[in-house]
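Note sheet for the following structure.
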Amino acid sequence: SSTAPEIHKGLAGVVADTTAISKVNPETNSLLYRGYPVQELAAECSFEQVAWLLWHGELPSDEQLDTLQETERANRALSDDVRDLVDRTPTTAHPMDVLRTAVSLVGAQDPSAGDASPDADLAKSVRLLAQLPAVVAYDQRRRRGEDLVPPDEDLDYAENFLRMTFGEVPDPVVVDAFRVSLILYAEHSFNASTFTARVITSTMADLYSAVVGAIGALKGPLHGGANEAVMHVFDEIGSAENAEPWLERALAEKRKIMGFGHRVYKKGDSRVPTMRAALERLVEHYGRPDVLDLYTRLETAMGERKNIKPNLDYPSGPAYHLMGFDTATFTPLFVASRVTGWTAHVMEQAADNSLIRPLSEYDGPDERHL
Ligand code: SDX
């Protein structure tokens, strides 16, 4: 018989296409968004500037930024139907399921949903960027018995997101750490949720369908759901001195330690130092050295026991916790940021499309007859 073809389980190591949007380099442990190192963007730019860069390939001019801010700020309010849909979704549902459901309605309400022109897709991308914070913030507030906080058009994206969630703009240290997390989460080449969005786009389905599918993929704890799972690990461990015994037990049970490891990075995640520095500023601001103690104890133990390094979800979890977000809100925050990367990939896939349809090697029963 012919030699069996090589199976690439999990598509590990498979280069499926080219992309001009970002470069993940495990050799140099670096990440570029349209050529710019993500550390520089996190230090110098607003999230709105990075969104424009991902969509258009260049940083916005002042007037382009004004246009983006005007449109984004004009689309921040939750419509009555979407608010009503959130209200009618039980609080026993996971916030990722509420978000996925709300995005479906936002898409269904858009008369241009089926218009796949670049301009229409760009407009949908800005609309989703503007709408996601409203859904995420309102869902957390209703679970706490708090009223909706309407958007404030005088605030930038990060400040408005925090004000809609907590009722006020927090200290600049907190706003800055949140802005850094949004920039670091925005884009990461062909990760599972982005590739999902590209597969959906490759059939010529609409951008909203691609984003709903991507939210589904991101939810899993092996992917975006890990930032929430890291917080559950911290809650399980409690204080720093329990880190080693907890890890011994967890590894003995063959558990994956959330927030550690990566399919591409093998010498550590390029984004972690920047997010860890933001976490340290939050620890200082809130006077919570205990959080950093636990963070470093578990990281050290994982390095010694498994030689596996943290990924971006590891510092992001405790950072979002210190900012005051509910643990189940952490992955929806990831969605609000990654929607920029997803939609950039949707537009790139649509611009030079080819249906994504891999092969499979059949290993079921030989042909047989009734
Ligand atoms: C994100 O792709 C992206 O870019 C994703 C992302 C993005 O920006 O989009 O970076 C965001 O999703 C980050 C990853 C978040 N996930 C987690 O933190 C969940 C825990 N991590 C693991 O499940 C794992 O590291 C993966 C899934 C992230 C990657 O796993 P791989 O590449 O499939 O590697 P593997 O599971 O085959 O692991 C290789 C070995 C195995 O040991 P052996 O079975 O060979 O003995 O390392 C072990 C694994 O058991 N291992 C772990 C581990 N990660 C790898 N063991 C314990 N805990 C872990 N976290």
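As the structure is a prediction and not an experimental result, all values here were calculated from the model. The first residue in the sequence is number 1, and the count goes up from there. No hydrogens, no waters, no symmetry mates; every other heavy atom, side chains included, goes into these values. Whatever order the structure lists ligands and atoms in, that order sets their numbers, starting from 1.
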Enumerate the atoms of ligand 1 whose separation from the nearest heavy atom of Pro221 is less than 4.0 angstrom. 16 (N), 17 (C), 19 (C)
Once you restrict to heavy atoms under 4.0 Å, what part of Lys254 touches ligand 1? Side chain, backbone, both or neither. neither
Is it the case that ligand 1 has an N or O less than 3.5 angstrom from some N or O of Met258? no
Counting from 1 in the order shown, the ligand 1 atoms closer than 4.0 Å to a non-hydrogen atom of Arg255 are 57 (C)
Which heavy-atom pair separates Phe234 from Tyr295 by the least distance, and what is that distance? CZ-CA, 3.9 Å
Closer than 4.0 Å to some heavy atom of Gly259 - which atoms of ligand 1 meet that? 17 (C), 18 (O)
Return yes or no for this condition: an N or O of His223 is under 3.5 Å from an N or O of ligand 1. yes
If you measure every N or O of Ile257 against every N or O of ligand 1, does any of those distances drop under 3.5 Å? yes
Lys256 side chain vs Leu222 backbone, donor-acceptor pair below 3.5 Å: no
Considering the heavy atoms of Gly261, write down every atom of ligand 1 situated less than 4.0 Å from one of them. 25 (O), 28 (C)
For Tyr314 and Asp269, test the side chains for any donor-to-acceptor distance below 3.5 angstrom and give the result as yes or no. no
Starting from atom 32 (O) of ligand 1, what is the nearest protein heavy atom, named by residue and atom, and what distance separates them? Arg263 NE, 2.8 Å
If you measure only the distance, is there a donor-acceptor pair under 3.5 Å linking the side chains of Trp342 and Ser193? yes
Below 4.0 Å, non-hydrogen atoms only: which portion of Asp313 touches ligand 1? Side chain, backbone, both or neither. side chain
Anything under 30° is parallel, anything over 60° is perpendicular, the rest tilted; go ahead and classify Tyr265 against His262. tilted
Would Lys266 count as a contact residue for ligand 1, given that I'm defining contact as a non-hydrogen atom of the residue lying under 4.0 Å from a ligand atom? yes
Purely on distance, is any nitrogen or oxygen of His188 under 3.5 Å from one on ligand 1? yes
